[in-house]
Amino acid sequence: MPIASNRWHVGLVGYGEVGRILAEDLRRQDIIVSTYDIKLDGDQALGLREHANGIGVALASSHAELAGNADLIISAVTASQAVPVASACAPGLKQQAWFLDFNSASPGAKRRAADLIDAAGGRYVEGAVMTSIPPYRIKVPLLLGGGGARELAPLLNELGFNAKLASEQLGVASAVKMCRSIMIKGLEAMVIESFTTARAYGVEDAVLASLAETFPGIDWEKQGAYFFQRVIEHGRRRSEEVREVAETVREIGLTPWSATGTAERQAWVADLSDQGVFGSKDTKEFARSPDWRIEADRMLAKLKPAK
């Protein structure tokens, strides 16, 4: 790029939890930031607009407007929208602009998105976020992949990211992320299913004691509460990610039985969340209970036990 990365205009597609965190950390460095999110025209628009205005983030009216101004576009949307966002941004891209795909999509989806961006004169790089973002914020471990990954990594790190090259072959970074998610998102789903069932039978204390004996390095009470919180708050996004995980498994010819089940459990919790089972999403207390039993009891109240 003709200008230093600390003088870039960064465009964020998606202004959910990830987008807002990145925006806050970039604006603290006086980086110019704009955003576009389809929710800016929906029920959540007021809160998103207030947040953006409060930290000096400009609101674009479309993907094309955002793409036309940005030196670096970061796509941080739900997994199913990774390719559509690339398609929507491509026609308006500044030539040689970077497009960093943060989305948890399969290697095949990343390659399709890359074809769209590269054909439009942009430079596509896949980014695989390797753990939960909130504790690390902009410094979350980030693996980069693709032909421009080696060049982009130090430029991102100058902006405060913690990025490193995974491979110059597109799809490798995403494969690492997707295979990890089989375990991590699967563990979330298993904990919710195991703990809730144990609660229904009144054996949760015995189950947790057994788990602690087998895996003494894990605080299962604390970890269980955290898993319940994250899935209740982000189950919809997680279910879409795991459907991409399942697609990653299918792409090698393996049937994704575990990933498919995980996606269904995550989506089931998301459905309950949308129904208000866990309280109002507009409150600070939503998905923050330190006791997983409270949330398990809410789930159990919605079930009809088999006779």
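This one's a predicted model, so the numbers in the text were calculated from it and none came from an experiment.
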*Asks:* So, Ser289 side chain and Asp291 main chain: donor-acceptor pair closer than 3.5 Å or not?
*Replies:* yes
*Asks:* Could you tell me which non-hydrogen atom of Thr35 sits nearest to which non-hydrogen atom of Leu12, and how far apart they are?
*Replies:* OG1-O, 2.9 Å
*Asks:* How long is the span from the CH2 atom in Trp98 to the CD1 atom in Ile117, to the nearest 0.5 Å?
*Replies:* 13.0 Å
*Asks:* Determine yes or no for a side-chain-to-main-chain donor-acceptor pair under 3.5 angstrom, with Thr196 supplying the side chain and Ile192 the backbone.
*Replies:* yes
*Asks:* Is the shortest distance from a Lys or Arg side-chain nitrogen in Lys185 or Glu188 to a carboxylate oxygen in the other one below 4.0 Å?
*Replies:* no
*Asks:* How close do Ala263 and Ser239 get, heavy atom to heavy atom, and via which atoms?
*Replies:* O-CB, 3.5 Å
*Asks:* Between Ser174 and Lys110, do the side chains contain an N or O donor and an N or O acceptor separated by less than 3.5 Å?
*Replies:* yes
*Asks:* Quick check: closest heavy atoms across Ser80 and Glu240, and the distance to 0.1 Å?
*Replies:* OG-OE1, 2.7 Å
*Asks:* Asn103 side chain to Ala82 main-chain N or O, any donor-acceptor pair under 3.5 Å?
*Replies:* no
*Asks:* Quick one: CG on Leu142 to CD on Glu126, what's the gap to the nearest 0.5 Å?
*Replies:* 10.0 Å
*Asks:* Keeping the roles fixed (side chain from Thr260, backbone from Pro256), state whether a donor-acceptor pair exists under 3.5 Å.
*Replies:* yes
*Asks:* Say you draw a straight line from CZ of Arg293 to CG of Asp205; how long is it, rounded to the nearest 0.5 Å?
*Replies:* 5.5 Å
*Asks:* Salt bridge check, Arg250 against Glu247: does any charged N sit closer than 4.0 Å to a carboxylate O?
*Replies:* yes
*Asks:* So which atom in Pro91 and which in Ala88 form the shortest heavy-atom distance, rounded to 0.1 Å?
*Replies:* CD-O, 3.6 Å
*Asks:* Just checking, any donor-acceptor pair under 3.5 angstrom between side chains of Gln229 and Trp292?
*Replies:* no
*Asks:* Looking at NZ of Lys302 and CG of Leu272, how far apart are the two atoms once the value is rounded to the nearest 0.5 Å?
*Replies:* 7.0 Å
*Asks:* Once you round to the nearest 0.5 Å, how far does OG of Ser62 lie from CG of Asp41?
*Replies:* 10.5 Å
*Asks:* Heavy atoms only: give me the nearest Ser104-Lys177 pair and the separation to one decimal.
*Replies:* OG-CE, 3.2 Å
*Asks:* I need the minimum non-hydrogen distance between Ser167 and Ala149, along with the two atoms involved.
*Replies:* O-CB, 4.3 Å
*Asks:* For Asp101 and Ser75, which I'm curious about, is there any donor-acceptor pair between the side chains at under 3.5 Å?
*Replies:* no
*Asks:* Please check this pair: side chain of Ser273 against backbone of Val269, looking for a donor-acceptor N/O pair closer than 3.5 Å.
*Replies:* no
*Asks:* Measuring from Met130:CE to Arg180:CZ, what's the distance to the nearest 0.5 Å?
*Replies:* 5.5 Å
*Asks:* Show me the side-chain donor-acceptor pairs of residues 48-61 shorter than 3.5 Å, one per line, residues at least two apart or across chains.
*Replies:*
from, atom 1, to, atom 2, distance (Å)
Arg49, NE, Leu40, O, 3.3
Arg49, NH2, Leu40, O, 3.2
His51, ND1, Tyr15, OH, 2.7
His51, NE2, Glu24, OE2, 2.6
Asn53, ND2, Arg49, O, 3.1
Ser61, OG, Glu65, OE1, 2.4

*Asks:* Looking at Arg112 and Asp115, is there a salt bridge between them, counting it only when a charged N and a carboxylate O are closer than 4.0 Å?
*Replies:* no
